[in-house]
Enquirer: 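Dumping the structure here so I can ask a few things about it.
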Amino acid sequence: MKLSLFIASFHLGLLISCIAADSNDVVDAIEDQKQQKNWCVVIGSASPAKLQSFVDTACFDRLDCKPIRYGGSCFSPNTLQNHASYVLNLFYRASGICTSGLGTITPNDPCKLLLFNS
């Protein structure tokens, strides 16, 4: 009887471990999917000086900002707000952080939708 109870407990423990592992995988997949459908874009109250500093630092340090350079796929419209939105989103993709005070999460792709027309 004790051996049967031990075996049943062992199997139950394995089952719970497997379910927990699978549910963690599902949660991770959902989080990945959510991030792919959201973008970090400039908030209207962000100061131009802070935006320019962020763009300069991020593009110089580690991000590929070729798409917002002249001739790039996200160059137009050529505004600080649009370029900063693109860079904020690159940073968000790389780090998972939408920089507080500069950006906010949105379902609108900053490269596809022209949020700040000049």
Enquirer: Mind listing the closest non-hydrogen atom pair of G101 and A46 along with its distance?
Expert: O-CB, 3.9 Å
Enquirer: Are L80 and L63 connected into the same hydrophobic cluster when the rule is that any two of I, L, V, M, F, W, Y join if their side-chain heavy atoms are below 4.5 Å apart?
Expert: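 L63 and L80: one cluster.
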Enquirer: Does N38 reach the main-chain N or O of I105 with its side chain, forming a donor-acceptor pair under 3.5 Å?
Expert: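 Side chain of N38 to backbone of I105: no pair is present.
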Enquirer: Name the one of T99, I97, I43 that satisfies side-chain contact (heavy atoms from CB on, under 4.5 Å) with L88?
Expert: T99
Enquirer: Quick test of your reading: applying side chain to side chain donor-acceptor pair (under 3.5 Å), list the pairs with at least one residue in residues 50-59, sequence neighbours left out, ordered by first then second residue.
Expert: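 Counting only pairs at least two positions apart or across chains, the side chain to side chain donor-acceptor pair (under 3.5 Å) contacts touching residues 50-59 are Q52-D56.
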Enquirer: Between H83 (side chain) and N78 (backbone), is there a donor-acceptor pair under 3.5 Å?
Expert: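 No, because the side chain of H83 does not come within donor-acceptor range (under 3.5 Å) of the backbone of N78.
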Enquirer: Output all residues satisfying ring pair (Phe, Tyr, Trp, His ring centres under 6.0 Å) with F60, sequence neighbours left out; order by chain, then residue number.
Expert: none
Enquirer: Out of L51, N82, L102, which one pairs with V42 under the side-chain contact (heavy atoms from CB on, under 4.5 Å) rule?
Expert: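 By the side-chain contact (heavy atoms from CB on, under 4.5 Å) criterion, V42 pairs with just one of L51, N82, L102: L51.
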Enquirer: Which heavy atom of G103 sits nearest to which heavy atom of C98, and what is that distance?
Expert: C-SG, 3.5 Å
Enquirer: Mind checking side chain to side chain contact (heavy atoms under 4.5 Å, CB included) for C59 and listing every partner two or more places apart, or none if nothing turns up?
Expert: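 So C59 forms a side chain to side chain contact (heavy atoms under 4.5 Å, CB included) with V55, C65, I68, R69, V87.
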Enquirer: Using a 4.5 Å cut-off on heavy atoms from C-beta on, say whether the side chain of F91 contacts that of C40.
Expert: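 No, their side chains stay 4.5 Å or more apart.
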Enquirer: Could you give the distance from OG1 (T79) to CD (Q81), rounded to the nearest 0.5 Å?
Expert: 5.0 Å
